[in-house]
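Just so you know, these numbers use all the heavy atoms, side chains as well, and skip hydrogens, waters and symmetry mates.
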Amino acid sequence: MIEILPMTDREQEKERLAQVPDATESTRVLAMTERGETLGWAAVDLTDGVLTIRKLAVEGYDASRKPQGEEVFILDSLMRSAASYGETFGANQIETSFPDFFDFFRARGFDVDEIHAFTPMSTIVHYHFPGQRL
């Protein structure tokens with residue numbers, strides 16, 4: 001079973017955050033695992049209602065080429081889980097500033113300028129209530 005949860009091992013989290021140049025003291029790592037194996041991770045911050053995705057990483061993928069197949073699945077799952085995490089803690093907007101993935105975010109409805117990709121939380125997180133028509 002695949003799980004995406006905030007890392008509980010603070011030493012492992014510190015190792016991952018060492019790879020994130022703009023990490024802050026409040027940056028958390030969400031790890032995607034399957035049967036104890038890490039598939040990928042996302043470094044995120046929440047500040048003033050904005051979820052900032054500081055890094056998306058897939059084990060064995062270095063962003064030197066366009067992601068393919070399972071890499072896209074993992075990146076998309078991490079982005080959506082990060083959005084859910086942000087929504088849980090009151091974020092109303094998502095942003096990121098690593099240009100390697102601007103096309104990835106644009107394809108998912110984000111606006112992109114020369115320095116960041118951004119979108120309201122509602123682009124990713126949708127609510128459906130019982131009895132509500134889709």
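- Here R10 pairs with E13 in a salt bridge; the nearest charged N to carboxylate O distance falls below 4.0 Å.
- No side-chain heavy atom of V44 sits less than 4.5 Å from a side-chain heavy atom of T52.
- The two residues W41 and K55 make their nearest non-hydrogen contact at CH2-CD, 3.5 Å.
- Scanning all heavy atoms of the two residues, the minimum distance from I74 to G40 falls at CG2-CA, 4.3 Å.
- At a cut-off of 3.5 Å, with distance as the only test, a side-chain donor of T27 or T24 sits close to an acceptor on the other residue.
- Using a cutoff of 4.0 Å between basic side-chain nitrogens and carboxylate oxygens, R65 and E71 are scored as salt-bridged.
- A side-chain N or O of S64 and one of D62 form a donor-acceptor pair less than 3.5 Å apart.
- The shortest heavy-atom contact between G109 and T119 is O-OG1, 3.7 Å.
- Cation-pi geometry between R108 and F104 is met: the NZ or CZ atom falls under 6.0 Å from the ring centre, inside 45° of the normal.
- Taking 4.5 Å as the limit, some side-chain heavy atom of M79 sits within range of a side-chain heavy atom of I53.
- Here the CE atom belonging to M32 is positioned 9.5 Å from the CG atom belonging to L75, to the nearest 0.5 angstrom.
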So F102 and F105, ring pair (Phe, Tyr, Trp, His ring centres under 6.0 Å) or not? Walk me through it.
CA-CA 5 Å; F102 283 179; F105 287 108; 7.7 Å; no

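- L46 has its side chain within reach of Y85: a pair of non-hydrogen atoms, C-beta onward, lies under 4.5 Å apart.
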